[in-house]
Engineer: 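Dropping the structure in here first, questions after.
Computed from a predicted structure; not experimentally measured. The figures that follow rest on heavy atoms only: side chains count, while hydrogens, waters and symmetry mates do not.
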Amino acid sequence: MKSTGKWLLTAACLLLPLAADAAGAIDQLHVFLKGTRTLKAEFAQTVVARSGRKPQQSAGTVAISRPGKLRWEILRPYPQLVVGDGERIWIHDPDLQQVTVRKAGQALGASPAALLAGSNELEKNFALADAGEADGLAWVEATPKSGDSGFEKVRMGFAGGELRAMELFDSFGQTTQIRFSRIERNPALPPATFSFRPPPGTDVVGE
């Protein structure tokens, strides 16, 4: 069973590297963000439900251009796409032939997407804390200050100055585990990466 567009938007947007040093991890996070204009990577993700049913697994690619632009594309097993052009967020589900559109400000805000594609003012919307080391990674935990963000916290794991993992805990008891590979910082990304036009025959819902 594939994930919903709402979850895809929530998860779509979570990445950041950091050196594997638990002490001062938050400072290193800020340094990374300040020095990162664009980013692209591949990802593999596993969604674990509170019920314990068989985890959902998927894989794809992500691209970020800060501030405000992102592309999170699930390639398998079911194609889905989130594109943010700085003004709007497009969520495309090819199987349903449907696109959901939201204003970028509403969609990002205190969402996990803001950790990656937003500005450097993280403490405005999130409480950050060093979360120690586990599985060979240094972890930073971000908790939204808003009570209606749809998730409880996001954990980001780093090693050797690179983002290696993220864990998203949503308000329904669902955990999304993401592992990143082939990370490139500040690559040249063509403008088309962050543009989207609904295919002919697609239903458009929202803004």
Side-chain angles (χ1 to χ4, degrees), residues 1-17 39-64 70-84 89-102 106-117 126 131 134-137 139-144 148-159 162-183 193-194 196 198-199 202-206:
M1 181 177 183
K2 67 180 178 180
S3 58
T4 64
K6 180 179 179 181
W7 174 84
L8 182 61
L9 173 62
T10 303
C13 310
L14 321 161
L15 297 156
L16 319 164
L39 181 147
K40 69 177 182 178
E42 296 179 4
F43 67 84
Q45 67 185 23
T46 301
V47 181
V48 182
R50 175 183 287 174
S51 64
R53 69 173 185 267
K54 184 178 179 179
Q56 302 173 35
Q57 297 182 328
S58 58
T61 63
V62 61
I64 301 292
L70 63 92
R71 183 183 185 92
W72 181 276
E73 186 168 11
I74 290 180
L75 300 174
R76 58 185 185 275
Y78 305 102
Q80 286 185 300
L81 174 66
V82 172
V83 176
I89 301 290
W90 305 82
I91 306 169
H92 182 213
D93 189 321
D95 288 349
L96 296 179
Q97 292 187 303
Q98 178 175 293
V99 173
T100 302
V101 187
R102 300 179 63 188
Q106 295 175 339
L108 290 176
S111 75
L115 290 168
L116 207 15
F126 299 93
D135 301 322
L137 302 177
W139 293 87
V140 176
E141 188 170 287
T143 304
D148 59 356
S149 64
F151 69 101
E152 295 181 354
K153 63 182 178 181
V154 174
R155 285 165 47 90
M156 298 162 281
F158 303 91
E162 296 289 353
L163 173 71
R164 300 298 183 189
M166 294 190 74
E167 296 178 352
L168 167 67
F169 302 82
D170 71 20
S171 302
F172 302 99
Q174 181 172 265
T175 301
T176 300
Q177 302 170 340
I178 304 173
R179 297 294 181 267
F180 298 103
S181 61
R182 297 182 180 274
I183 297 171
T193 303
F194 307 105
F196 179 81
T202 301
D203 291 331
V204 179
V205 180

Engineer: Can you tell me how far apart CG (L168) and OG1 (T176) are? Round to the nearest 0.5 Å.
Structural biologist: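 It comes to 5.0 Å.
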Engineer: Would you check if the side chain of D135 reaches a backbone N or O of L137 as a donor-acceptor pair within less than 3.5 Å?
Structural biologist: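 No; judged by distance alone, with no hydrogens or angles, the pair does not exist.
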Engineer: Indicate the atoms forming the closest heavy-atom contact of S171 with F151, along with that distance.
Structural biologist: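 Closest approach of S171 to F151, heavy atoms only: OG-N, 3.4 Å.
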Engineer: Taking atom NE2 of H92 and atom CD1 of I74, what is their separation to the nearest 0.5 Å?
Structural biologist: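 Result: 13.5 Å between the selected atoms.
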Engineer: Looking only at non-hydrogen atoms, find the nearest pair between I178 and F43 and report the distance.
Structural biologist: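 Smallest interatomic distance, heavy atoms only, reads CG2-CB, 3.9 Å.
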Engineer: With distance as the sole test, does R71 use its side chain to make a donor-acceptor pair with the main-chain N or O of T193 at under 3.5 Å?
Structural biologist: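 Yes; judged by distance alone, with no hydrogens or angles, the pair exists.
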Engineer: Considering only heavy atoms from C-beta outward, does the side chain of I89 approach that of V83 to under 4.5 Å?
Structural biologist: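 No. Closest side-chain heavy atoms not under 4.5 Å.
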Engineer: Please verify the inter-ring angle class for W72 with F180; under 30° counts as parallel, over 60° as perpendicular, anything in between as tilted.
Structural biologist: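 The rings of W72 and F180 stand perpendicular, inter-plane angle above 60°.
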Engineer: Hey, are the side chains of Q174 and F169 touching, using non-hydrogen atoms and a 4.5 Å cut-off?
Structural biologist: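 No, side chains not in contact.
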Engineer: At their closest point, which heavy atom of P79 faces which heavy atom of P94, and how far apart are they?
Structural biologist: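 Heavy atoms only, the tightest pair is O-CD, 3.1 Å.
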Engineer: For W139 and E167: C-alpha separation, side-chain torsions, deciding distance, then whether side-chain contact (heavy atoms from CB on, under 4.5 Å) applies.
Structural biologist: CA-CA 10 Å; W139 293 87; E167 296 178 352; 3.8 Å; yes
Engineer: Would a 4.5 Å heavy-atom cut-off, applied to side chains only, mark Q98 and V205 as touching?
Structural biologist: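 Yes, at least one pair of side-chain atoms sits under 4.5 Å.
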Engineer: To the closest 0.5 Å, what do you measure between CG (D203) and CG (D93)?
Structural biologist: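 So the gap between those two atoms works out to 11.5 Å.
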Engineer: Could you go step by step and tell me if M166 and V154 meet the side-chain contact (heavy atoms from CB on, under 4.5 Å) rule?
Structural biologist: CA-CA 7 Å; M166 294 190 74; V154 174; 3.5 Å; yes
Engineer: Between CZ of R155 and CD of E141, what distance do you get to the nearest 0.5 Å?
Structural biologist: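 Rounded to the nearest 0.5 Å, the CZ-CD separation comes out at 6.0 Å.
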Engineer: If you take all heavy atoms of E73 and L81, which pair is closest and at what distance?
Structural biologist: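 That would be CB-CD1, 3.7 Å.
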Engineer: Determine the minimum heavy-atom distance between Q57 and P77, stating which atoms define it.
Structural biologist: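 It is O-CD, 3.2 Å.
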Engineer: Quick one: OG1 on T46 to CD on Q177, what's the gap to the nearest 0.5 Å?
Structural biologist: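 That separation rounds to 6.0 Å.
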Engineer: Does the side chain of Q97 pick up a donor-acceptor pair with the side chain of T202 at under 3.5 Å?
Structural biologist: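 Their side chains do not contain a donor-acceptor pair, so the 3.5 Å distance test is not met.
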Engineer: Please report the interatomic distance CG(L70) to NZ(K40), rounded to the nearest 0.5 Å.
Structural biologist: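 Reported to 0.5 Å precision, the distance equals 16.0 Å.
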Engineer: Could you report the tightest heavy-atom contact between I64 and F194, atom names first, then the distance?
Structural biologist: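 Smallest heavy-atom distance, with atoms named: C-CZ, 3.9 Å.
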